[in-house]
Enquirer: 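The following block contains the structure, expressed as structure tokens.
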Amino acid sequence: MRSIRLIRPVAFAVALVLVFSACRNDPVFGPFNGADWSIEEVTIDSMAVEQSSEVVQAGGSKTLYAGQIPTAGARESAILLKFDAVESALLDTMLRAELLLFRRGFQDSIPDPYSQFEMAAIVADSSIWAESDSGLAISDFPDTLLPVLGFMNTDPIALARADSASGANGAEHLALGVPDTLLRDWISGDLFNNGIILRQVGGSGLTVFNARGADLAPRLMITYIDSNGAEAYLYPPVVADLSIYPASNLPVPDDAELFSLNYSEGWLINIDFSNTFSPDSSKIILAARLILTSPQVPADLVSSVIDLEVGRTANSEGDSTLSAEASLAYNVEAGAAVFNIGLILDGYNKGTYENYGIIVGVVPNQHDFDTIQFYSPAADSALRPRLELVIGHSFEGPQ
């Protein structure tokens, strides 16, 4: 047993060298024969890919969208925001309250001082919402109160606390006055605190804002007079935010040589290699890479980075939750997405769970309306999806 313990680290070290070499050279390497082990690299480029779609869970994105979605006809996105009520004592010395949202930068992010926005309080108790809600639409919030209009600007902002919004001055933002009557009604209970809805008035495109959790997250800015008679500021954070938009009901793409991934449409990919990957518990999956090649260039997308995620397909029906078993911030300029899925493949190999393939989808972190495309198994062999495996097994010398 001791010899095996000593040899296994060597096998992993050799596999690591092979993996690094594979990043620089074309596979395949011949078997590396040791005293007790053989390590080889195997490439699998024959697998089934099925395009599918899922109901979009709209919450959790790092981006908030207001305006007209430039795909699939007339679609409008709006923003829901919710924040805790301020202390009633603060209202006695409050000079003003403003809601601040900071624009998030993408390739199309040029200063846009002409877009007008409307903020209104949601008054219908029946429209209570949470970040985990999916399938909401603007029509679900017909009753609003105290509308406020405003424009994007880059005016200096008095963000006194260094940890609240570093570098905010000069950042393009939206500042909307929050009526003190609204804050008082929330405190007194005369109006149920269900937050506000923000819409872009007119225009033909989307404005993208940072969501909560970002350095420049949405917040209230309350200006008040402190005990010394000086002007001071508080920045209560937003406690819930959500972009809402109707589904476009676009058909799932059926291009034979390409498949598509898109968060807002819920497009996913099921990749099934169960017929070409044979589990063998006598072997060890030392490393495994899934490589997807894309024909797109950065000009095709608003965001140059798309966050992708790989998870196990849960059953033969293709169901799965994207469990972040492998993830990647895919840079469009790279031309190929490379996922390290050795743990998934090793689990299949050991029989820890049944091999129904894997599922690939978009994580809601970047521009959620972008569509990224990769070549399918019907494409040329140099372009189609492939698995590159480093496998270790006992070396049985000549008999």
Enquirer: For M94 versus Y224, what's the shortest heavy-atom pair and its separation?
Expert: CA-CB, 3.8 Å
Enquirer: Holding to ring-ring contact (aromatic ring centres under 6.0 Å, His included), I want the full list of residues that pass it with F83, two or more places apart in sequence or in another chain.
Expert: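 In terms of ring-ring contact (aromatic ring centres under 6.0 Å, His included), with neighbours along the sequence ignored, F83 is linked to W186.
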Enquirer: For R289, is there an ion pair with E388 - N to carboxylate O distance below 4.0 angstrom?
Expert: yes
Enquirer: Do the charged groups of R386 and E41 touch, with an N to O distance under 4.0 Å?
Expert: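 Between E41 and R386 there is no salt bridge, as every charged N stays at least 4.0 Å from the carboxylate O atoms.
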Enquirer: Flag the pair L183 / L90 as yes when at least one side-chain heavy-atom distance between them is below 4.5 Å, and no otherwise.
Expert: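 No, their side chains stay 4.5 Å or more apart.
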Enquirer: Answer yes or no: is there a side-chain heavy-atom contact under 4.5 Å between L81 and L101?
Expert: yes
Enquirer: Y330 versus L292: any side-chain heavy-atom pair under 4.5 Å?
Expert: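 No, every pair of side-chain atoms sits at 4.5 Å or beyond.
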Enquirer: So which atom in G177 and which in M119 form the shortest heavy-atom distance, rounded to 0.1 Å?
Expert: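 Distance-wise, the nearest heavy atoms are O-CE, 3.5 Å.
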Enquirer: If you count heavy atoms of other groups shown closer than 6.0 angstrom to CZ of R199, is the number above 12?
Expert: no
Enquirer: Determine which pairs satisfy ring-ring contact (aromatic ring centres under 6.0 Å, His included) with at least one residue from residues 194-221, sequence neighbours left out, and list them in order.
Expert: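 Matches after skipping sequence neighbours: F117-F209.
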Enquirer: Atom CD of residue position E87 - does it have more than 12 heavy atoms of other residues, nucleotides or ligands inside 6.0 Å?
Expert: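 At most 12 heavy atoms, drawn from other residues, nucleotides or ligands, come within 6.0 Å of this atom.
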Enquirer: If you compare all heavy atoms of M47 against all heavy atoms of P377, which two are closest, and at what distance to 0.1 Å?
Expert: O-CG, 3.1 Å
Enquirer: Measure the acute angle between the ring planes of F259 and F374, then classify it against the limits of 30° and 60° as parallel, tilted or perpendicular.
Expert: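 The rings of F259 and F374 sit tilted, inter-plane angle from 30° to 60°.
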Enquirer: Give the minimum heavy-atom separation between V332 and I306, together with the two atoms involved.
Expert: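 Here V332 and I306 meet closest at CG2-CG1, 4.4 Å.
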Enquirer: Indicate yes or no: at least one non-hydrogen side-chain atom of D140 is less than 4.5 angstrom from one of W129.
Expert: no
Enquirer: Could you check if a side-chain atom of Y348 sits within less than 4.5 angstrom of a side-chain atom of R312, using non-hydrogen atoms only?
Expert: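 Y348 reaches R312 side chain to side chain.
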Enquirer: Return the set of residues passing ring-ring contact (aromatic ring centres under 6.0 Å, His included) with F273 (not counting sequence neighbours), or none when no residue passes.
Expert: none
Enquirer: Does a side-chain heavy-atom distance below 4.5 Å link D280 with N349?
Expert: yes
Enquirer: Do the ring centers of F369 and Y65 come within less than 6.0 Å of each other?
Expert: yes
Enquirer: Between Q373 and S260, do the side chains contain an N or O donor and an N or O acceptor separated by less than 3.5 Å?
Expert: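 Short answer, yes.
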